[in-house]
Trainee: 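What follows is a structure written as structure tokens; I'll ask about it next.
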Amino acid sequence: MKQKLILAARDAAKNAYCKYSNYAVGAALLAEDGTIWLGCNVENSSYGATNCAERTALFSAIAAGKRKFSAIAIAGGTADSPASPCGICRQVLSEFCSPDMPVYYAGLEGDIICTTTLGELLPFAFSGANL
Ligand code: THU
């Protein structure tokens, strides 16, 4: 599954809209029902309005009614320096995904796949103000 998700994320990176950074990222999010949701980064001339690949994938799954997820793969950068999820994406993923959810990330090419968990990437995640 790890390999399959990374290949799907690499495919999704081909749709990246990244004319400002020229840094393409793709994400493949596995829902608990086995469906895979793809995302790419979508940049904006107002740079801060950019949406990362991980959030694109998650929001697309959420909009389709999915709420439970088993793994995510991210593809970006090089084998030597692969893209790992940014801080905002870590927090947004933590809204829906458990700390032990596997996170795979790799460069756009190459055989090396890094494996971690959401909890390792974002320990002590903020989870609300007891509202
Ligand atoms: N980017 C992602 O899509 N995901 C990440 O986890 C890291 C950064 C995008 C945002 C921007 O379009 C480009 O990569 C360069 O920062």
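All ligand and atom numbering here is 1-based and tracks the order in the structure. As the structure is a computational prediction, the values presented were derived from the model and not from experiment. The analysis underlying the following values was restricted to heavy atoms, covering all of them including side chains, and did not include hydrogens, waters or symmetry mates. All residue numbers in this chain count up from 1 along the given sequence.
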Trainee: Are Asn41 and Tyr17 side-chain neighbours, meaning at least one heavy-atom pair lies under 4.5 Å?
Mentor: no
Trainee: May I ask whether Ser84 places a heavy atom under 4.0 Å from ligand 1?
Mentor: yes
Trainee: Purely on distance, is any nitrogen or oxygen of Val25 under 3.5 Å from one on ligand 1?
Mentor: no
Trainee: Whether the Thr117 and Asp100 side chains hold a donor-acceptor pair (N or O, under 3.5 Å, no angle test) is what I'd like checked.
Mentor: no
Trainee: Is the closest N or O pair between Thr50 and ligand 1 shorter than 3.5 Å?
Mentor: no
Trainee: According to a 4.5 Å side-chain heavy-atom criterion applied to Ile, Leu, Val, Met, Phe, Trp and Tyr, with indirect links allowed, do Phe96 and Ile74 form part of one hydrophobic cluster?
Mentor: yes
Trainee: Hydrophobic cluster membership, with links at side-chain heavy-atom distances under 4.5 Å among I/L/V/M/F/W/Y: are Leu118 and Leu5 in one?
Mentor: no
Trainee: Quick check: does Glu54 get an N/O under 3.5 Å from an N/O on ligand 1?
Mentor: yes
Trainee: Can you confirm whether the side chains of Ser84 and Arg90 place a donor and an acceptor under 3.5 Å from each other?
Mentor: yes
Trainee: Hey, any chance Val25 and Ile88 share a hydrophobic cluster, counting ILVMFWY side chains that come within less than 4.5 Å of each other, even indirectly?
Mentor: yes
Trainee: Numbering the atoms of ligand 1 from 1, which are under 4.0 Å from a heavy atom of Ser21?
Mentor: 13 (C), 15 (C)
Trainee: Atom 16 (O) of ligand 1: protein heavy atom closer than 4.0 Å?
Mentor: no
Trainee: In terms of atom number and element, which parts of ligand 1 are under 4.0 angstrom from non-hydrogen atoms of Pro85?
Mentor: 6 (O)
Trainee: For atom 8 (C) of ligand 1, what is the nearest protein heavy atom, given as residue, atom name and distance?
Mentor: Cys52 SG, 4.1 Å
Trainee: Identify whether Ile72 and Phe59 are in the same connected component of the hydrophobic contact network (ILVMFWY, side-chain heavy atoms under 4.5 Å).
Mentor: yes
Trainee: If you take all heavy atoms of Gly26 and Ala13, which pair is closest and at what distance?
Mentor: N-CB, 3.5 Å
Trainee: Would you say Cys18 contacts ligand 1, with heavy atoms under 4.0 Å as the rule?
Mentor: no
Trainee: Nearest protein heavy atom to atom 11 (C) of ligand 1, by residue and atom, and its distance?
Mentor: Glu43 OE2, 3.2 Å
Trainee: Which residue and non-hydrogen atom of the protein lie closest to atom 3 (O) of ligand 1, and at what distance in Å?
Mentor: Ala53 N, 2.9 Å
Trainee: Among all protein heavy atoms, pick out the one at the shortest distance from atom 9 (C) of ligand 1; state its residue, atom name and that distance to 0.1 Å.
Mentor: Asn41 ND2, 3.6 Å
